[in-house]
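Indexing begins at 1, ligand by ligand and atom by atom, following the structure's order. All values below were derived from every heavy atom in this structure, side-chain atoms included, with hydrogens, water molecules and symmetry-related copies excluded. The structure displayed is predicted, hence computed values, not measured ones.
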Amino acid sequence: MKEKLESIKTEALEEILKCNDEASINNVRSKYLGKKSAFSDVMSNMASLSPDEKKSVGMVSNEVRNAITEALDNRLKAIKEEELNKKLESDKIDITLPSNIRRSGYLHPLTLVREEIEDLFISMGYDVVDGPEVDSDANCFEMLNLPASHPARDAQDSFYITDDMLLRPHTSSMQVRSMLANAEKKPFKLICPGKTYRRDDDDATHSHQFSQVEGLVVGENISLSDLKGTLELFAKKMFGESREIRFRASYFPFTEPSYEVDVSCFKCDKKGCNICKGTGWIEILGCGMVHPNVLENCGFDHTKYQGFAFGVGIERVASLKYGVTNIRDYFINDYRFLKNFDRKEI
Ligand code: DAH
């Protein structure tokens with residue numbers, strides 16, 4: 001019996017070495033240790049042995065079962081390891097390969113400034129509206145109280161597309177559109193940022209295409225002090241908390257009274273320098289109280305409602321903020337210029 005057990009062991013160990021996958025290991029396990037195996041035959045014949053023989057055959061059978069089990073387990077472990085290594089080898093990624101470096105873009109400085117202005121006015125409850133860049137003579141001039149004889153209506157100054165349609169020379173045309181669109185003639189506050197066009201000769205400070213933000217507030221009891229407070233906040237937000245503003249009487253056909261607004265120079269703080277041309281002040285925008293004719297033209301009762309309006313050049317604000325001296329830099333898409341602008345404040 002002992003010899004029989006030894007030969008089972010030798011045979012089993014040889015066969016285990018030939019196993020190459022989990023299924024063949026399972027087959028060998030049931031062939032040599034299962035219920036119908038030669039090993040279990042030997043075990044069932046043990047009953048006929050004397051107590052001494054039982055003891056010694058029992059020891060051998062334990063040793064044989066343990067040896068076969070251990071060999072099966074070790075082989076299975078080796079097979080699994082081999083499979084894993086094969087998989088790792090085939091899935092291998094060469095992390096030393098150079099990757100494609102993707103440069104992320106930057107927001108254009110004019111976009112940064114526009115968004116900053118939008119954020120400020122949104123925080124004060126204004127709507128931000130968009131309008132067409134091609135508009136009618138009526139919306140750009142007539143309804144804004146610009147008489148037909150006004151020099152701004154000269155075809156030399158604007159890009160006319162037909163006798164009546166032109167590229168808007170200012171965003172003020174949106175004042176007309178938004179008041180006309182206001183069917184119930186209810187109070188409102190809005191800004192309209194957008195592109196504008198004029199027949200200017202391009203140079204370091206002029207561009208035939210530029211952008212503005214128009215602001216318009218219409219309501220009851222709107223006064224000049226509302227306009228002043230709003231623009232003061234605007235100047236501080238854009239140019240620094242310690243900025244002051246001053247109003248200079250001016251003329252725009254669509255506002256009465258009209259003003260040009262200067263901000264105290266952020267570089268020299270009113271002492272006079274090259275930025276403010278020695279005056280201590282920098283002009284930033286035009287504004288005023290909406291002319292009663294404009295309110296009436298657009299269906300608002302001027303005895304009940306007042307309004308204030310302002311128009312600010314985005315390039316102008318951006319150039320002052322970022323120290324840009326050539327307006328063309330905004331339009332030629334030179335990466336060396338654009339990469340200087342990140343979302344953070346400069
Ligand atoms: N439309 C004027 C311009 O382009 C700017 C302006 C001045 C807008 C006074 C206004 C305003 O709304 O009230 O030069």
Side chains of Val294 and Phe254 in contact at under 4.5 Å (non-hydrogen atoms): yes
Sequence neighbours excluded, every pair satisfying ring pair (Phe, Tyr, Trp, His ring centres under 6.0 Å) that has a member inside residues 110-138: Phe121-Tyr126, Phe121-Phe310
Would you list the atom pairs, donor with acceptor, under 3.5 Å between side chains in residues 127-140 and any protein atom, with sequence neighbours excluded?
{"from": "Glu133", "atom 1": "OE1", "to": "Tyr197", "atom 2": "OH", "distance (Å)": "2.4"}
{"from": "Asp135", "atom 1": "OD1", "to": "Asn139", "atom 2": "ND2", "distance (Å)": "2.9"}
{"from": "Asp135", "atom 1": "OD1", "to": "Arg177", "atom 2": "NE", "distance (Å)": "3.4"}
{"from": "Asp135", "atom 1": "OD1", "to": "Arg177", "atom 2": "NH2", "distance (Å)": "3.1"}
{"from": "Asp135", "atom 1": "OD2", "to": "Arg177", "atom 2": "NE", "distance (Å)": "2.8"}
{"from": "Ser136", "atom 1": "OG", "to": "Asn139", "atom 2": "N", "distance (Å)": "3.1"}
{"from": "Asp137", "atom 1": "OD1", "to": "Arg153", "atom 2": "NH2", "distance (Å)": "2.4"}
{"from": "Asp137", "atom 1": "OD2", "to": "Tyr160", "atom 2": "OH", "distance (Å)": "2.7"}

Side chain of Lys31, backbone of Asn26: donor and acceptor closer than 3.5 Å? no
Excluding sequence neighbours, so at least two apart, what forms side-chain contact (heavy atoms from CB on, under 4.5 Å) with Ser211? Leu110, Ile314, Glu315
Sorted by chain and residue number, the residues with a non-hydrogen atom under 4.0 Å of ligand 1 are His170, Ser172, Gln175, Arg198, Gln212, Glu214, Phe252, Phe254, Thr255, Gly286, Cys287, Gly288, Ala309, Phe310, Gly311
Regarding Asp21 and Ser24, do their side chains bring together a donor and an acceptor under 3.5 Å, going by distance alone? yes
